Amino acid sequence: MARILGSLLLVAAAGAFTVGAAPAARATPTPLDRVVPAPASVTPGGSPYRITRGTRISVTGSGEARRVGEYLAAVLRPSTGYPLPVTANGHGGIRLRITKGVFGAEGYRLDSGRGGITITASAPAGLFHGVQTLRQLLPAAVEKKSVQPGPWLVAGGTVQDSPRYAYRGAMLDVSRHFFTVAQVKRYIDELALYKINKLHLHLSDDQGWRIAIDSWPRLATYGGSTQVGGGPGGHYTKADYREIVRYAASRYLEVVPEIDLPGHTNAALASYADLNCDGVAPPLYTGTDVGFSTLCVPKKITYDFVDDVVRELAALTPGRYLHIGGDEAHSTSHADYVAFMDKVQPVVAKYGKTVIGWHQLTGATPAPGALAQYWGLDDTSAEEKAQVAKAARNGTGLILSPADRIYLDMKYTEDTPLGQDWAGLVEVRRSYDWDPGHYLDGAPASAVRGVEAPLWTETITDSADIEYMAFPRLAGAAELGWSPAATHGWDGYKVRLAAQGPRWDALGIKYYKSPQVPWPTS
Ligand code: TNX
């Protein structure tokens with residue numbers, strides 16, 4: 001007992017010491033490389049820059065550069081309490097500059113020293129990513145919504161950075177449970193912190209159709225009227241959806257809409273009896289089984305339906321991709337599946353979009369330019385992996401979403417209160433410690449277009465649930481998509497990841513405090 005008391009006292013004393021030392025610690029700027037995702041190159045040196053009441057944010061370049069400046073000001077003003085005017089005269093302590101043709105579509109350079117901070121990029125997206133780096137170089141309290149003491153120091157030196165992959169995605173399943181526009185926006189803001197640039201929305205499944213389609217109105221009004229567990233569900237009007245697309249674009253994310261076909265279609269089949277081979281509409285479905293529904297491949301009306309849906313969805317989509325699902329079509333014969341994909345992929349092309357499909361699409365004939373999204377596991381059969389690798393050798397690009405690595409709906413441990421475990425338990429280290437460039441045997445590294453972390457929502461009902469499952473694993477997926485392979489290493493990563501904890505606290509993100517990560521104790 002005395003020993004336990006003694007160690008309790010020691011812990012208490014250590015706590016008091018940490019609290020007492022905090023102001024001094026805060027005066028030491030965050031090292032320039034303590035950023036997630038790890039920057040491509042970091043050269044520390046020179047004096048830090050201090051943001052003060054007199055700091056201005058100056059922007060040169062397009063109107064979009066100015067919007068990035070305003071975004072930065074909006075992040076910094078509440079916690080610093082400083083006015084931080086955004087000007088165009090080039091004389092600010094923080095300068096955002098567009099210089100054509102140097103850093104690629106998303107890269108940037110950040111120079112910091114006593115005289116100021118300059119973020120240079122070739123395009124506004126690069127400035128935006130540079131701003132995310134700058135946020136992480138400031139104390140975590142910068143993320144709070146009330147005035148904090150500072151000081152607001154940024155270490156001296158240079159960061160030069162650009163992404164490993166052009167496709168860095170997160171998927172949200174808004175079908176199994178519906179999420180409001182406000183909830184989706186909150187997730188977009190969280191994705192932007194880690195330089196994710198694609199938001200894949202899983203807009204239809206057995207349990208709910210979530211996007212208004214004018215030519216088939218019952219899809220949303222009836223097919224969207226429930227969800228897993230029988231709640232009221234919901235759907236996005238076209239105005240709602242445009243607002244999501246607009247908001248995502250303001251954070252440099254492209255929305256990738258998915259209509260899952262030909263399976264996962266009970267909500268559509270329930271809404272229109274004619275879509276069923278037997279002409280009988282099934283009831284709405286609120287359970288969590290998969291693989292029991294299929295569109296009627298031989299019927300002509302099936303293709304009228306697909307054409308209308310793809311046309312209306314493509315018109316809402318400024319982005320390049322349209323995802324047609326294609327997974328778990330267990331109720332569709334192989335011949336029908338192939339025939340269906342042969343007819344439907346050209347419809348996507350007709351409306352100007354590029355097909356993405358879950359990797360089962362490689363069991364049919366992927367259209368030229370199509371991407372396959374791999375969601376297998378370490379122990380997926382060799383034949384299935386070989387089929388995907390062969391398609392990759394033949395030109396099909398790959399998005400890697402291995403379920404036993406970055407399915408954000410997998411439980412971390414058996415005690416995780418949310419999520420599923422069919423792909424295994426996925427702790428933080430496991431979700432980070434793999435290389436997308438050398439993941440799938442026989443697939444050329446050049447076929448890999450990027451990484452995506454899907455979040456299926458059978459057990460997920462609100463933003464707190466999303467955040468608990470996404471954080472910290474989403475940060476690892478983002479790093480795998482952005483950072484050069486040479487920066488990969490768990491020992492370094494876990495320290496950079498640990499530094500995110502206080503930021504998430506400041507942002508009100510309730511994350512899983514994995515024992516694998518050395519979270520700061522004060
Ligand atoms: C498999 S992954 C599915 C989804 C489920 C998920 C649950 C994939 C392409 N299909 O329908 O929601 O597992 O983890």
Side-chain angles (χ1 to χ4, degrees), residues 169-179 200-210 227-229 233 256-269 285-295 321-332 337 341 355-364 366 370-381 384-385 387-388 398-412 416-426 430-431 440 451-461 465-466 468-470 473-474 477:
M171 188 209 80
L172 184 64
D173 169 8
V174 297
S175 177
R176 270 52 176 273
H177 281 97
F178 181 64
F179 294 86
H200 167 184
L201 288 176
H202 185 75
L203 291 168
S204 71
D205 212 302
D206 293 317
Q207 297 85 347
W209 185 285
R210 305 300 180 203
Q227 59 188 359
V228 167
V256 178
E258 178 188 354
I259 297 296
D260 203 344
L261 306 168
H264 290 278
T265 43
N266 188 76
L269 296 166
Y285 182 69
T286 60
T288 60
D289 287 347
V290 298
F292 60 87
S293 57
T294 182
L295 291 174
Y321 300 108
L322 204 147
H323 200 307
I324 56 170
D327 58 313
E328 296 174 324
H330 305 321
S331 303
T332 319
Y337 183 86
M341 288 302 179
V355 166
I356 304 180
W358 297 104
H359 76 254
Q360 283 71 21
L361 179 63
T362 61
L371 305 185
Q373 184 167 6
Y374 182 75
W375 60 282
L377 326 177
D378 281 358
D379 62 9
T380 289
S381 74
E384 191 168 336
K385 287 180 178 164
Q387 172 190 294
V388 178
L398 298 180
I399 300 166
L400 296 179
S401 302
D404 55 349
R405 299 284 182 174
I406 54 172
Y407 260 32
L408 299 178
D409 64 317
M410 290 300 120
K411 290 175 182 287
Y412 296 97
T416 307
L418 303 167
Q420 308 207 51
D421 61 4
W422 64 263
L425 300 170
V426 185
R430 181 170 174 78
S431 68
L440 201 59
V451 173
E452 183 177 294
L455 179 51
W456 302 99
T457 59
E458 286 92 338
T459 67
I460 307 300
T461 61
D465 291 355
I466 291 176
Y468 186 77
M469 299 309 275
R473 290 179 294 198
L474 175 77

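Small disclaimer: the values here were computed from a predicted structure and weren't measured. First listed ligand is number 1; within each ligand, the first listed atom is number 1. Residues take their numbers from the sequence shown, with the count starting at 1.
- Judged as a ring-ring contact (aromatic ring centres under 6.0 Å, His included), and not counting sequence neighbours, Tyr337 has no contacts.
- Of all heavy-atom pairs spanning Gln207 and Asp289, the tightest one is NE2-O, 4.2 Å.
- Protein residues with any heavy atom under 4.0 Å from ligand 1: Arg176, His264, Val290, Asp327, Glu328, Trp358, Trp375, Tyr407, Asp409, Met410, Gln420, Trp422, Trp456, Glu458.
- Cation-pi geometry between Arg210 and Phe178 is not met: the NZ or CZ atom fails to fall both under 6.0 Å from the ring centre and inside 45° of the normal.
- With sequence neighbours left out, the side chain to side chain donor-acceptor pair (under 3.5 Å) criterion links His200 to Glu258, Glu452.
- Taking the charged nitrogens against the carboxylate oxygens, Asp409 and Arg176 have no contact shorter than 4.0 Å, which rules out a salt bridge.
- Residues satisfying the side chain to side chain donor-acceptor pair (under 3.5 Å) test with Asp206, not counting sequence neighbours, are Ser293.
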